[in-house]
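Here's the structure we're looking at; comments come further down.
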Amino acid sequence: MKHKIKTLIQKAALKAHEQGELRSSTIPPFSVEESKSDIHGDFASNFAMTAAAAQKMAPRKIAETVIKYLDADRAFIAKTEIAGPGFINFFIRPAAWHLILNAIHTAGTQYGASDIGSGQKIQVEFVSANPTGPLHVGHGRGAAVGDSVANILSFSGYQVEKEYYINDSGRQINTLGKSVFLRYLASLGKKTDFPDDCYKGDYIKDLAAEIGLREADQLASVDEQEAIALCARLAAAKIIAGIRQDLNSFGITFDNWFSEQSLYDSGKVDAVLQNLRKQELIYPKDGALWFKTTAFGDEKDRVVVRKNGLTTYFASDIAYHLNKFERGFDRLIDVWGADHHGYCARLTACVEASGHKRDQFSVILVKLVNLLRKGKPVAMSTRAGEFVTLQEVIDEVGRDAARFLFLTRSYDSPLDFDLDLAKRQTNDNPVYYVQYVHARITSITRKADKQGLKTTDLNHQAVSRLTSGEEIRIIKLLARFPETVQHSAETMAPHRITFYLMELAAAFHSYYNKHRVLADDTELACGRLYLIAAVKIVIRNGLALLGVSAPEKM
RNA sequence: GCGCCUGUAGCUCAGUUGGAUAGAGCAACGGACUUCUAAUCCGUAGGCCGCAGGUUCGAAUCCUGCCAGGCGUACCA
């Protein structure tokens, strides 16, 4: 509808110029926005103001001229007005709004979808928690954001693949093996020191017991280093299986699980380093090898191979991201915790060094989750074994509530997750407010079915009865859904969907309390049923993008 | 010190990429269930959009400088 009005204005301006009433034929960038207040109509354009400089005319005068030549379809636009400094306000006829409902019913589950991605292959990598312990609440936020972003992009015409990167190589995995092995020895009654840098959680003891039970012979027959390596391998596999299960119960599945170790095994890391060395982007200094990331805007160069000959995490990360491009992705999105933001510049550098464009790689930095208990912060540390797992939260708060809660603010903003609040006040959670709309509508249509009333057949006569302010307001909101999704895709911001749904839910609940859907007047009832069925479609589509269910009953 | 992010109602946060009178949810107060699900609704109250300049028809939004907070600033991941 906005687009339609925009074209009307452009045509009018050109026509006015032909008739000599406007000096210039240039059309400056201008906008058509929804009016905030009904007094200003349904849409407003700032064309006259932005054109003032080029036309050397007063904005209100330009507005007058444009309106004079506006070839407005009278079935569409009821009237136009000039207001304030030169806004052109458009008042849309209800009949024009009614057409939206038909479009929603026709599109169904696809209402809100678009092809702005035009089939581009895009990869979203998220969670990627180290396999050294179960997922905790903090990971939950990244999981909710990543999955939702993937949903939204896919709905917007991108070809999306979701990937989990497993850091199954390097020091922390060795530490894991050591922790498990030491707990195993302790369980045999051998006295051992348990160093501070080892993982102290109870889950380590469980792993040790399990691995000990199954691999006792093997562990006894090899030396300590091999035993640790064996423990590491088995424990990591076990933990990954657990993580996969936790994510499943959070409603999240990945298209691909990518192993860091596989990059070493296939020689990809070495190959990439050699390649960069040929390009003279890697140089030796102080006994280590450095990547010249400063050539691409990083503040200092970064080590890829340490003095002791071991590669850094960054080295395998370079190989990993280049490998992503080799797999044919046009764009890469990484979802990271905000505490990793120091990493952005160097990874962007390696993307550019490999001949790709800077904007083909973006990082979503999700701010920290502050876990609170009775309003007081809870310290969390995987190493110390002090954390509340994601699974615990899902069990106590519920999957839908948890996912919705994680998406109730921009990821740029830190999130307080009060356990007691989330557990105790489940009824106050906004997710129920939105889901309740879906359940209510289902309940009404169920009753209508019994009365033999049709809810999904288009009846122009009935729909034309939808003239109340509340009804038009709801239709306007429904009309805004597709652009909300697109905007959310462009900015990779799922919380826009969340806020949109809360607004739509508010409009519906308010309407419900004021007007009776199953009115005595059968024709009116049919019109209203057609309307609320459209609301149901949009609520369902929106919740689906967030990974939240739309219940038939509550 | 430098870099990134954040400062909006008592609290937690939105704010349609620069638009008209800045919005929600909690919390507070007062109302609405013989009627489609009260997990709901209606009303009242609450503001120097951190501060100071600048850009222009117009700024919470863009620029500069301060102030406050968070995170980062490894041959850790």
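A, B, ... follow the sequence lines: proteins, then strands. Residue 1 opens every chain.
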Need one value for [X]: base, sugar-phosphate or nothing, where a base atom within 4.0 Å counts as base even if backbone is also close, heavy atoms only.
| X | value |
| --- | --- |
| A/F499 | sugar-phosphate |
| A/A52 | nothing |
| A/H515 | base |
| A/T445 | nothing |
| A/I39 | base |
| A/R480 | nothing |
| A/A345 | nothing |
| A/S413 | sugar-phosphate |
| A/F314 | nothing |
| A/R171 | sugar-phosphate |
| A/A53 | nothing |
| A/K300 | sugar-phosphate |
| A/D286 | base |

Using a strict threshold of under 4.0 Å (side-chain N to carboxylate O), is an ion pair present between [Y] and [X]?
| X | Y | value |
| --- | --- | --- |
| A/D317 | A/R302 | no |
| A/K2 | A/E483 | yes |
| A/R465 | A/D521 | yes |
| A/K476 | A/E34 | no |

Against the six-membered ring of A/F508, is A/R440 placed for a cation-pi contact (under 6.0 Å from the centre, within 45° of the normal)?
no
Decide whether a cation-pi geometry holds between A/R346 and A/Y343; the criteria are a distance under 6.0 Å from NZ or CZ to the six-membered ring centre and an angle within 45° of the ring axis.
yes
If the [atom1] atom of [N] is compared with that of [M], how far apart are they to the nearest Å?
| N | M | atom1 | value |
| --- | --- | --- | --- |
| B/G25 | B/G15 | C1' | 15 Å |
| B/G23 | B/G65 | P | 32 Å |
| B/A14 | B/C71 | C1' | 23 Å |
| B/U61 | B/A27 | P | 32 Å |
| B/U8 | B/A59 | C1' | 14 Å |
| B/C33 | B/A9 | P | 36 Å |
| B/C11 | B/C76 | P | 44 Å |
| B/C13 | B/G58 | C1' | 27 Å |

Side chain of [X] - closest among [options]:
| X | options | value |
| --- | --- | --- |
| A/Y512 | B/A39, B/A38, B/C41 | B/A38 |
| A/R409 | B/U12, B/U16, B/U17 | B/U12 |
| A/I444 | B/U73, B/A77, B/U37 | B/U37 |
| A/K447 | B/C5, B/C36, B/U37 | B/C36 |
| A/H487 | B/C41, B/U16, B/G19 | B/U16 |
| A/P85 | B/G72, B/C41, B/C57 | B/C57 |
| A/K307 | B/A14, B/C75, B/U40 | B/C75 |
| A/H495 | B/A14, B/U16, B/A77 | B/A14 |
| A/R440 | B/U40, B/A77, B/C36 | B/U40 |

Counting Watson-Crick and G-U wobble pairs only, both distances under 3.5 Å, name the nucleotide matched with [N], or none.
| N | result |
| --- | --- |
| B/G46 | none |
| B/G3 | B/C71 |
| B/C41 | B/G31 |
| B/A59 | none |
| B/G65 | B/C51 |
| B/C13 | B/G23 |

When rounded to whole Å, the CG to C1' distance for the pair A/L365 and B/U6 reads 13 Å
From CD1 of A/I441 across to C1' of B/A39 the rounded distance in Å is 15 Å
Between A/K324 and A/E125, does the salt bridge (charged side-chain N to carboxylate O under 4.0 Å, His left out) criterion hold? Intermediate values first, please.
CA-CA 10 Å; A/K324 291 184 184 188; A/E125 182 220 319; 2.8 Å; yes
Of A/L368 and A/S410, whose nearest nucleotide on RNA chain B comes first from the 5' end?
A/S410
5' precedence on RNA chain B between A/E490 and A/R516 (nearest-nucleotide basis):
A/E490
Please tell me if [X] has a side-chain N or O lying less than 4.0 Å from either OP1 or OP2 of [N].
| X | N | result |
| --- | --- | --- |
| A/Y433 | B/C26 | no |
| A/Y436 | B/A39 | yes |
| A/R528 | B/C36 | no |
| A/R60 | B/C57 | no |
| A/T408 | B/A14 | no |

Is the base of B/C13 syn or anti, where syn means the angle lies within 90° of 0?
anti
Syn or anti for B/U6, with syn set at within 90° of 0?
anti
Is the aromatic ring centre of A/H40 closer than 5.5 Å to the centre of the six-membered base ring of B/G19, with the two planes inclined by less than 30°?
no
Does A/F87 stack onto the base of B/A20, taking stacking as ring centres under 5.5 Å apart and planes under 30° apart?
yes
Would you say the base of [N] and the side-chain of [X] have a donor-acceptor pair closer than 3.5 Å?
| X | N | result |
| --- | --- | --- |
| A/H341 | B/G3 | yes |
| A/N89 | B/A20 | yes |
| A/N46 | B/G19 | yes |

Between A/H321 and A/D334, is there a side-chain heavy-atom distance shorter than 4.5 Å?
yes
Do A/I5 and A/I92 come close enough that some side-chain heavy atom pair is under 4.5 Å?
yes
Over 12 non-hydrogen atoms of neighbours within 6.0 angstrom of CG in A/D197
yes
